Amino acid sequence: QVQLVESGGGSVQAGGSLRLSCAASGRTFGSYFMGWFRQAPGKEREFVAVINRSGGSTYYADSVKGRFTISRDNAKNLVYLQMNSLKPEDTAVYYCAVRNVDRGFGYGIPHNYDYWGQGTQVTVSS
């Protein structure tokens, strides 16, 4: 099993920044992708960003491209999401997820991920 714990959420003003962290523990061996998703009340879980094992490939939702940056530190089993120029529409619970297969296709589909954290709340005020 893999356990994931998100941290770094909070309340910020529009235009501000936050850095989310995801700490992975358990059997984190092998090739896998790690992603960030978010879910606002009344909405489906939405893809935000994903990064491959080496950190050499990243993909972003159009809504966050240019504002968010995903990165990872494999030595520390940490994945980060740097969020800049935050907007009220970024308000959501943010989840990190692990895909424990060596496949990159379908990276934006929540069903394709094997492990999930409990989420951390991000609130952006006007």
Side-chain angles (χ1 to χ4, degrees):
Q1 291 272 28
V2 174
Q3 294 81 45
L4 303 172
V5 179
E6 303 96 337
S7 62
S11 298
V12 298
Q13 199 173 40
S17 297
L18 284 173
R19 189 181 75 160
L20 305 183
S21 298
C22 176
S25 61
R27 298 195 64 84
T28 58
F29 310 103
S31 298
Y32 54 81
F33 290 77
M34 297 194 71
W36 286 96
F37 292 76
R38 65 188 183 186
Q39 188 166 23
K43 296 184 178 180
E44 294 184 350
R45 193 160 296 187
E46 175 189 29
F47 168 75
V48 176
V50 68
I51 188 168
N52 72 341
R53 187 182 184 184
S54 70
S57 296
T58 59
Y59 301 93
Y60 298 91
D62 288 341
S63 59
V64 307
K65 199 171 298 180
R67 300 188 297 121
F68 291 9
T69 303
I70 187 171
S71 60
R72 67 191 299 170
D73 185 340
N74 289 337
K76 299 179 180 179
N77 288 326
L78 290 172
V79 177
Y80 304 100
L81 185 68
Q82 178 67 47
M83 305 186 295
N84 299 324
S85 301
L86 284 163
K87 305 174 181 180
E89 51 262 44
D90 294 318
T91 296
V93 176
Y94 283 70
Y95 300 89
C96 63
V98 171
R99 189 182 190 184
N100 277 137
V101 294
D102 192 14
R103 310 194 200 288
F105 54 86
Y107 59 81
I109 303 173
H111 178 74
N112 289 337
Y113 289 76
D114 301 292
Y115 303 101
W116 294 85
Q118 292 286 70
T120 185
Q121 177 71 48
V122 172
T123 302
V124 185
S125 60
S126 301

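Positions are given from 1, in the same order as the sequence printed here. Model, not experiment: these values are computed from the prediction.
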### Message
Does atom NZ (Lys65) have a neighbourhood of more than 12 heavy atoms from anything else shown, all under 6.0 Å?
### Response
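Enclosed.
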### Message
Taking CD in Glu44 as the centre, count heavy atoms belonging to other residues, nucleotides or ligands within less than 6.0 Å. Is the count above 12?
### Response
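Open: at most 12 neighbouring heavy atoms sit under 6.0 Å from CD of Glu44.
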Give, for atom [atom1] of [X] and atom [atom2] of [Y], the distance between the pair rounded to the nearest 0.5 Å.
{"X": "Thr69", "Y": "Met83", "atom1": "OG1", "atom2": "CE", "value": "11.0 Å"}
{"X": "Leu18", "Y": "Ser11", "atom1": "CG", "atom2": "OG", "value": "8.5 Å"}
{"X": "Leu78", "Y": "Cys22", "atom1": "CG", "atom2": "SG", "value": "8.0 Å"}
{"X": "Glu46", "Y": "Phe37", "atom1": "CD", "atom2": "CZ", "value": "10.0 Å"}

### Query
Glu6 and Trp36: side chain to side chain contact (heavy atoms under 4.5 Å, CB included), yes or no, with the steps?
CA-CA 10 Å; Glu6 303 96 337; Trp36 286 96; 3.9 Å; yes
### Full working for side chain to side chain contact (heavy atoms under 4.5 Å, CB included) between Phe68 and Asp90
CA-CA 11 Å; Phe68 291 9; Asp90 294 318; 3.9 Å; yes
### Message
Taking Tyr80 as the starting point, is it possible to reach Met34 by hopping between hydrophobic residues whose side chains are less than 4.5 Å apart?
### Response
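The answer is no; the residues belong to distinct hydrophobic clusters.
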#### Entry: By salt bridge (Lys or Arg N to Asp or Glu O under 4.0 Å) - contacts of Arg19 (at least two apart)
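So Arg19 forms no salt bridge (Lys or Arg N to Asp or Glu O under 4.0 Å) with any residue.
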#### Entry: Of Asn100, Asn52, Val2, the residue whose pairing with Tyr32 passes side-chain contact (heavy atoms from CB on, under 4.5 Å)
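Answer after filtering Asn100, Asn52, Val2: Asn100.
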Report all side-chain donor-acceptor pairs from residues 115-125 shorter than 3.5 Å, counting only partners two or more places apart or in another chain.
{"residue": "Thr120", "atom": "OG1", "partner": "Gly9", "partner atom": "N", "Å": "3.3"}
{"residue": "Gln121", "atom": "NE2", "partner": "Ala92", "partner atom": "O", "Å": "3.4"}
{"residue": "Gln121", "atom": "NE2", "partner": "Thr123", "partner atom": "OG1", "Å": "3.4"}
{"residue": "Ser125", "atom": "OG", "partner": "Val12", "partner atom": "O", "Å": "3.4"}

Please report the closest heavy-atom contact between [X] and [Y], naming both atoms and the distance.
{"X": "Leu81", "Y": "Ala49", "result": "CD1-CB, 4.2 Å"}
{"X": "Asn84", "Y": "Ser17", "result": "OD1-OG, 2.9 Å"}
{"X": "Thr91", "Y": "Ala40", "result": "O-CB, 3.8 Å"}
{"X": "Gln1", "Y": "Gln3", "result": "CB-NE2, 3.4 Å"}
{"X": "Ser126", "Y": "Pro88", "result": "OG-CG, 3.7 Å"}

### Query
Can you list the steps and then say if Val101 with Phe33 is a side chain to side chain contact (heavy atoms under 4.5 Å, CB included)?
CA-CA 8 Å; Val101 294; Phe33 290 77; over 6 Å; no
### Residue pairs involving residues 47-84 (criterion disulfide bond (SG atoms under 2.5 Å apart); sequence neighbours excluded)
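Output for this query is empty, none listed.
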### Query
Stepwise, does the side chain to side chain donor-acceptor pair (under 3.5 Å) test hold for Arg99 with Tyr113?
CA-CA 4 Å; Arg99 189 182 190 184; Tyr113 289 76; 5.9 Å; no
[Y] and [X], any side-chain heavy atoms less than 4.5 Å apart:
{"X": "Arg38", "Y": "Ser63", "result": "yes"}
{"X": "Phe47", "Y": "Ile109", "result": "no"}
{"X": "Cys96", "Y": "Val79", "result": "no"}
{"X": "Asn74", "Y": "Arg72", "result": "yes"}

